[in-house]
Amino acid sequence: MKEQSTASRLGLKFKHRLTKKRSKKIGLPPGSMVHVGEKKVETARISVIDYDQQKLEVKALKSVEETLPFKKSPTVTWLNIDGLHEVNILETIGEYYSIHPLVLEDILNTDQRPKAEIFDEYIFIVFKMISYNNNHDELDIEQLSLILGPNFVITFQEREGDVFDSIRERIQGGKGRVRKSGPDYLLYALMDVVIDNYFLVLEKLGERIENLEEEVLGNPDQSTVQAIQQMKRELIFLRRSIWPLREVIGTLIRDENPLIKKSTAPFLRDLYDHTIQVVDTIETYREMVSGILDIYLSSLSNRMNEVMKILTIIATLFIPLTFIVGVYGMNFEFMPELKWHWGYPVVWGVMIIISFFMLLYFRRKKWI
Amino acid sequence: MKEQSTASRLGLKFKHRLTKKRSKKIGLPPGSMVHVGEKKVETARISVIDYDQQKLEVKALKSVEETLPFKKSPTVTWLNIDGLHEVNILETIGEYYSIHPLVLEDILNTDQRPKAEIFDEYIFIVFKMISYNNNHDELDIEQLSLILGPNFVITFQEREGDVFDSIRERIQGGKGRVRKSGPDYLLYALMDVVIDNYFLVLEKLGERIENLEEEVLGNPDQSTVQAIQQMKRELIFLRRSIWPLREVIGTLIRDENPLIKKSTAPFLRDLYDHTIQVVDTIETYREMVSGILDIYLSSLSNRMNEVMKILTIIATLFIPLTFIVGVYGMNFEFMPELKWHWGYPVVWGVMIIISFFMLLYFRRKKWI
Amino acid sequence: MKEQSTASRLGLKFKHRLTKKRSKKIGLPPGSMVHVGEKKVETARISVIDYDQQKLEVKALKSVEETLPFKKSPTVTWLNIDGLHEVNILETIGEYYSIHPLVLEDILNTDQRPKAEIFDEYIFIVFKMISYNNNHDELDIEQLSLILGPNFVITFQEREGDVFDSIRERIQGGKGRVRKSGPDYLLYALMDVVIDNYFLVLEKLGERIENLEEEVLGNPDQSTVQAIQQMKRELIFLRRSIWPLREVIGTLIRDENPLIKKSTAPFLRDLYDHTIQVVDTIETYREMVSGILDIYLSSLSNRMNEVMKILTIIATLFIPLTFIVGVYGMNFEFMPELKWHWGYPVVWGVMIIISFFMLLYFRRKKWI
Amino acid sequence: MKEQSTASRLGLKFKHRLTKKRSKKIGLPPGSMVHVGEKKVETARISVIDYDQQKLEVKALKSVEETLPFKKSPTVTWLNIDGLHEVNILETIGEYYSIHPLVLEDILNTDQRPKAEIFDEYIFIVFKMISYNNNHDELDIEQLSLILGPNFVITFQEREGDVFDSIRERIQGGKGRVRKSGPDYLLYALMDVVIDNYFLVLEKLGERIENLEEEVLGNPDQSTVQAIQQMKRELIFLRRSIWPLREVIGTLIRDENPLIKKSTAPFLRDLYDHTIQVVDTIETYREMVSGILDIYLSSLSNRMNEVMKILTIIATLFIPLTFIVGVYGMNFEFMPELKWHWGYPVVWGVMIIISFFMLLYFRRKKWI
Amino acid sequence: MKEQSTASRLGLKFKHRLTKKRSKKIGLPPGSMVHVGEKKVETARISVIDYDQQKLEVKALKSVEETLPFKKSPTVTWLNIDGLHEVNILETIGEYYSIHPLVLEDILNTDQRPKAEIFDEYIFIVFKMISYNNNHDELDIEQLSLILGPNFVITFQEREGDVFDSIRERIQGGKGRVRKSGPDYLLYALMDVVIDNYFLVLEKLGERIENLEEEVLGNPDQSTVQAIQQMKRELIFLRRSIWPLREVIGTLIRDENPLIKKSTAPFLRDLYDHTIQVVDTIETYREMVSGILDIYLSSLSNRMNEVMKILTIIATLFIPLTFIVGVYGMNFEFMPELKWHWGYPVVWGVMIIISFFMLLYFRRKKWI
């Protein structure tokens, strides 16, 4: 029962995900700043981390204007915006960093296919941040947009809370390569942690697939099929969200852009391998789920066979006997057997012999 | 019931769509001007919008000749023709704008696969305008042909009424980039609004898929399978209409044609992304519909199992009892049990005990 | 019944088509002139149409020698041979027009995959002429071989009767481009009319698919499955015959051969589009036929469910009642109920109440 | 029954084919001369045919040494070795003709995927010779290795008996191009005759598929499914053996190797076409066999429906009647009907009317 | 029963393989040395084989420092490390041989997809060593990482025990090419022996597939489906582990790296062929397993048919007879037949005749 309701809840979520209402945008000129998606935070939050090997500054900003000094400094600036519905913030950033209106539009439309677009001054990357919400047993999907400039990375998230705390700690602790490297390495680090989280999601889904399999082998019912279909959809959705990422990272590697240093290439190749591994695992999961459906369907047939065998055994055993007793329930005046002294026991004997051979036959057929 | 008739109505429409009678064209020399398709308006209507950043002229024309002055002016001219059956109008336009006879033939044949053909003087694009007709619960398909010249865009539609009103308003209101840009941007804007409408169609289909799923989980019957197949076909048809559009836009982007300015390229790339997203969604829908069919088929098996269980329980319970009462309905003269005073209650007792163990057995099998 | 026999007739034809007896050729040296296929006409017929913009000559030839004068003249010569079994005719033509022995062998072997081969002096094209034979409700397949030389086109057909009458009329009437153009345009026109006929075949198949669907929704039986499989095979066969044609025309377009003038290229591109459309439609048909099979299979399950429900209702209703009346058919001496005055009506009352609740139960299960 | 045993015999053969015991080779250094496969002849046989346009010498050799004079002469030498288990013969040939050890290893390992390897001095080709053994109703598979040198062709076969007799005759009779051409043409001729035999095999399989279909439409049982699966495997195996041959011949055509004269290219292209046709036919067969399985499965459901209908008709007809006669078999003292004079005929009347309406109902349901 | 438990054991293993807990790595900076996988040995073991054509030194090392002298000598050094959990060993090696941190990270993460990475100084290859554990009837998977430098090969294994003993013997015995060749040939030899072992695994799986098939034809039950699904998964897993190896070897062949001598290329091509053959066989196995599932499902339907036929024969035979005897069990006062002297025998006669025709009917239907 609980499984079923979980399934339907996930189902609804999934449907909403599939068809975000773009209707309100139709007919507007391209580049129109309209936020497509749910409003997930009250007020947008802007924060900045500015660092080089020596210096480090972490700050929450009140207005976009405060970002300007960071833009000019040669240090690496990571500007993070949580919440997309305050369109004017994006417009100001777009102006300050001279970002193409279509890019801003793509950031606002949270229904993007992962993609990388390379401009002369900056690289724009958009993809999905996916995590498993243990409280509600469902996938949390958030769109992450990144802009990599010569000395800055800007990240746009739909809501507060992300998977980047480990990177913040690494920057603040001065550990690892990140403080020694440029914004391209920061970009890589951000993408890396998001893709690492995909593996976590896959682990969770793997567990749920195991549960499904156990349910199918145990006591499956019609809600099981729904849960299987639900899982199939989750996997389709995941593949659709992650598959294009391969191409995105491939573009970053192949394109010999000055924004991405040569020393970062091996890291990106590593990322590329991880993405392929995620997609491979999704494909394997899909085949496993198909297999579970096959097991379910054949178990249905098996149980039907079982039921039919019982019916057939009972009916085949008793219908002839009932006929025999019916014969001697007839009221003909001239039925010599009825008068015989041993008639009754003989009939019993005959019936027992018939039953015995019937049972023998069933045994030979391996029904009992 | 209503669902079924809807399904069959859509079904008929669909079949007509698949095989438009080309028969009347066979054997005619290529470039023959024959309208293949339904005659959807009484008289063809010609209208023109002529603009640059300063000027704007909107006019309904009576004859093709009136278009000539616009052709010569350097302003952007958008010539729109509603209705294709008046072949001589097309011939005159073909003459004035020196369009290849095969292009005119393609415009008339409303059974075209989306394609772009690049000529020295102009670019010819043909694809489908699809909208969801809420009144009749069906898809309205119309072929849209566009010709982009150095200072003009000509659009050919099968009938009046289109999705371009928002663009007309933008031109007349002087809003957005359209007045500041050339005919290539107008071409983009027209294609963009058509593709935006695909998303609306997908939203509607998404709703119908949800309904289908609810029906399958609720009270499905044979008409459900038809509706599922119908939906499958709609999706095949949509994919077939939209899939080649990817290639069309790709051609426009790759081909370094002077008719398309460099500043328009990002907009076309955006269009390209949208098309891929539409195709992705169609693929996802197809997999969802397959899943729904699986649910339906397994629910059939499940219900069969259910029915068989009831039959088996009843038969297995009563057939042996009927045999027992049959035994004591026999008319043998020497049946000592019949004379026993407690014979009758004992038989009842035996029957109750048998039933009890039977029910226990069914319970252990989880049938009841 | 008629459907079934139609199916089997087509079936046999199809099988023959699949495996033309090549056995007699095995071991012969390559280039051996052996006719593989049925002998479809009594005597081969040679006819010629020779024309340029001014002159026109139409002639039936008695011997191959008569073709020689046409070969030398600069006018366009269309030499048509009906019937392939007179091997010496081909040999003579091969000699006169210096055609490679392997090409002649390919012309004779009517089991060719569509292909284009480009030689220095000529282009060789072979593909299938398919038409729907309304009399016998089956597909007529004939292999068409074309040789395009600098001033001639030679066509080889398996039998008399073709789809080229409209072209002959156009040449004789002097209508259209054909008289003004070279042999490459004639080649195009011939291919065009053959491909146009594919659309006719598809229309016919589309109708038969609609009929199949109606049959499946109406009163399907086992012969329906055969008809579905038969249709599937026809479509496989069609696809196999037409799919390589794409490549053939693509080769003609890409290869910058002096035999094909630049002005003919747009026409070939048009042909290419048509071929893709044919293949697209075949794919759509294949998916439709798969869908019909799904409907059929689910209708089988549905009918089984229906049958089982009736059986279960009747059995569940009457088996318990039969048990009750069996109880009071027992012959025990001490059965107080039998003596009661209202015993009989009470039993009836009990049975009616039981039936009533049973029917209520079935109604709640939505079985009746 | 015979069909089944045939199936299982083929099945066993097939399995052996799939996994030839390579175990004995594991761990040996590459280039180790170990024969993997069955020993199919007692003693290896070496024979030679040496020819040019004037001369011809046919000879059975006793030892490899005798090949040396032929190697030096400029005439075309065709050296044929039947039987691979005498490893030292191969070693000597490898030495004389300076063949790479890995090539010799590949010749010995009769489990090769078809491939062509181009070395500076020679070309090595390995593929499968497949024929249909009418005596045992199974496929005979033999690995054929060819080495083409500047003036020689060496063929290695697993056993005596091959399909090359026609070529030997052509060489000896001096017919055809073979005596006038070089070793590359001989290579082509050898490959051609092997591929021609594929068509024979396909004809045989086509017949067996027709038989399978008739069996499925006639009186199928469980052994039919096995035969279908067996056929599927044969086709998988054939495809696997033949598919890479396309690539092999493609390599020979594309690679501009001096060993293959330009005049031989059209012949190789012809070969290429044949291979594609074989593969096409195999694919078509595979789809046909799938279709036959569908027919079988739906016929199972159909027969089940048939059986259930009969059961339901009988049960639905007689169970209510049995209830009625049971009612009047009750022994209540006060049952007024029993005393009525017309009671018995009235009951019969009622039962006949009920039966009549039941039968009417069944007829309306089209069950009888 | 044993089969089932085997299946579930394999199943569990498989699941663990699919989702190795990467969780502990998330958030760590890239290049972090964390061992992902099971700790399979107590202490890591380092051993070295150093050789050229004259010299040979085999040694077990106590610390990484001891490898330094070998690094400088021009002889070929094969350094083998068993056990990955002692991270500091890897770090030291990384330092001495200047290996990129990401490569070290990949070596530690035993969940890698097979890949080859080409650096300026060395080539890094990682893939799977698979063997069939006869004791536990399961697959042993171990990750093998290889680093090829100018004069060394380093191999990293998860645990002691490998398939390289034959190579060690060859080196020590001075047999074969290995002592005469460079480290690239050693690399080839190592990969070759691993891939040879894949064939062994395939042989074992082939046997298990044969067993599965026999079980399905013999006495299948629900556990059979699980075993089939289990086999499917094993094959998916194998394909996933081996398929990318094709690309790996292809990269080594294509990349004209000075580390790989030209004379080694034919050996690598041979390896490439073997890999394709392994993948081919896996695909064939997958199709065979699908076929077995089809046989199982159709056998379920067949058995159901069988059961239903028996039920129907019995019910159809006896239900009408029971009705007849019921008729003469009625207690009407006026039933003339009851008084007839021959009434009873006549009823028997009628019943025998009815049974006879019923049986005739069943025979005609081929049910009995």
Side-chain angles (χ1 to χ4, degrees), chain C residues 11 15 18-19 21-23 25-32 100 102 105-106 111-113 115 117 219 221-222 225-226 228-229 232-233 236-237 240 293 296-297 300-301 303-304 307-308 310-311 314-315 317-319 321-322 325-326 328-331 335 337-344 347, chain D residues 163 165-167 169-170 175-178 188-189 192-193 196-197 199-200 202-203 206-207 210 213 217 266-267 269-270 273 276-277 280-281 284-285 287-288 291-292 294-295 297-299 301-302 304-305 308-309 311-312 315-316 319-320 322-323 326-327 329-335 366-367:
Chain C
K15 283 166 207 157
L18 265 183
T19 53
K21 297 276 176 214
R22 280 177 166 249
S23 342
K25 277 203 60 181
I26 290 173
L28 291 186
S32 298
H100 197 283
L102 280 175
E105 196 191 353
D106 283 347
D111 198 20
Q112 288 299 319
R113 204 172 175 266
K115 68 174 174 181
E117 291 202 341
N219 193 25
D221 55 20
Q222 184 62 5
V225 195
Q226 281 167 259
I228 290 170
Q229 294 302 338
K232 262 192 180 171
R233 285 186 192 178
I236 293 170
F237 176 76
R240 199 181 143 192
L293 188 62
Y296 175 69
L297 292 175
L300 276 187
S301 290
R303 281 192 289 163
M304 179 80 98
V307 171
M308 290 308 301
I310 290 169
L311 176 60
I314 293 291
L317 209 57
F318 284 101
I319 288 181
L321 303 185
T322 304
V325 301
Y328 295 105
M330 290 195 291
N331 298 321
M335 285 179 73
E337 298 98 317
L338 296 180
K339 309 296 188 315
W340 295 351
H341 195 269
W342 294 107
Y344 181 54
V347 164
Chain D
V163 296
D165 285 338
S166 63
I167 294 173
E169 279 165 31
R170 270 194 265 154
K175 278 184 295 188
R177 297 174 74 111
V178 67
Y188 152 72
D192 185 48
V193 79
D196 270 358
N197 267 279
F199 285 100
L200 263 184
L202 289 180
E203 275 178 32
E207 281 170 25
E210 281 181 47
E213 190 163 28
L217 295 177
F267 294 96
R269 271 205 299 277
D270 202 56
D273 289 341
I276 287 184
Q277 209 166 351
D280 262 17
T281 307
T284 312
Y285 281 2
E287 301 205 44
M288 284 170 78
I292 292 176
D294 282 348
I295 293 179
L297 291 175
S298 76
S299 85
S301 290
N302 252 319
M304 178 81 97
N305 260 339
M308 291 308 301
K309 268 186 205 165
L311 177 60
T312 304
T316 312
I319 288 181
T322 303
F323 163 70
V327 167
M330 289 195 292
N331 298 321
F332 284 104
E333 282 186 7
F334 306 97
M335 283 179 73
K366 299 217 172 108
W367 290 6

With no hydrogens and no angle check, just 3.5 Å: does a side-chain donor-acceptor pair link C:Arg233 and D:Thr284? no
Do D:Asn331 and C:Asn331 have side-chain N/O donor and acceptor atoms under 3.5 Å apart?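 Yes, because at least one side-chain N or O of D:Asn331 sits under 3.5 Å from a partner of the opposite role on C:Asn331.
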Looking at every heavy atom in both [X] and [Y], which two are closest together, and how far apart are they?
{"X": "C:Val325", "Y": "D:Met330", "answer": "O-CG, 3.2 Å"}
{"X": "D:Phe334", "Y": "C:Trp340", "answer": "CD1-O, 3.4 Å"}
{"X": "C:Leu102", "Y": "D:Phe267", "answer": "CD1-CD2, 3.4 Å"}

Can you tell me how far the [atom1] atom of [X] sits from the [atom2] atom of [Y], to the nearest 0.5 Å?
{"X": "C:Met304", "Y": "D:Met308", "atom1": "CE", "atom2": "CE", "result": "6.5 Å"}
{"X": "C:Lys115", "Y": "D:Gln277", "atom1": "NZ", "atom2": "CD", "result": "8.5 Å"}
{"X": "C:Asp111", "Y": "D:Phe199", "atom1": "CG", "atom2": "CZ", "result": "7.0 Å"}
{"X": "D:Asp273", "Y": "C:Asp106", "atom1": "CG", "atom2": "CG", "result": "7.0 Å"}
{"X": "C:Arg113", "Y": "D:Thr281", "atom1": "CZ", "atom2": "OG1", "result": "10.0 Å"}
{"X": "C:Leu297", "Y": "D:Leu297", "atom1": "CG", "atom2": "CG", "result": "8.5 Å"}

Just give me the residue among [options] that pairs up with chain C most often, heavy atom to heavy atom, under 4.5 Å.
{"options": "D:Ile295, D:Asn305, D:Ile319", "answer": "D:Asn305"}
{"options": "D:Ile292, D:Thr312, D:Leu311, D:Asp270", "answer": "D:Thr312"}
{"options": "D:Leu217, D:Val163, D:Asp192", "answer": "D:Leu217"}

What part of D:Ala189 lies closer than 4.5 angstrom to a heavy atom of chain C: side chain, backbone, both or neither? neither
I need the residue from [options] with the largest number of non-hydrogen atom pairs under 4.5 Å to chain D.
{"options": "C:Leu321, C:Leu338, C:Ile314", "result": "C:Leu338"}
{"options": "C:Gln222, C:Met335, C:His100", "result": "C:Gln222"}
{"options": "C:Thr322, C:Val225, C:Leu300", "result": "C:Leu300"}

Please determine whether side-chain contact (heavy atoms from CB on, under 4.5 Å) holds for the pair C:Ile310 and D:Trp367, giving the CA-CA distance in whole Å, both sets of side-chain angles, and the decisive distance to 0.1 Å. CA-CA 12 Å; C:Ile310 290 169; D:Trp367 290 6; 3.6 Å; yes
Pick one of side chain, backbone, both or neither for C:Leu293, based on which atoms fall under 4.5 Å of a heavy atom in chain D.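 Just the side chain, heavy atoms under 4.5 Å.
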Only counting residues at least two apart or in another chain, list the ones meeting ring pair (Phe, Tyr, Trp, His ring centres under 6.0 Å) with C:Phe318. D:Phe323
With D:Glu333 via salt bridge (Lys or Arg N to Asp or Glu O under 4.0 Å) - residues at least two apart: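 With neighbours one apart ignored, the set is empty.
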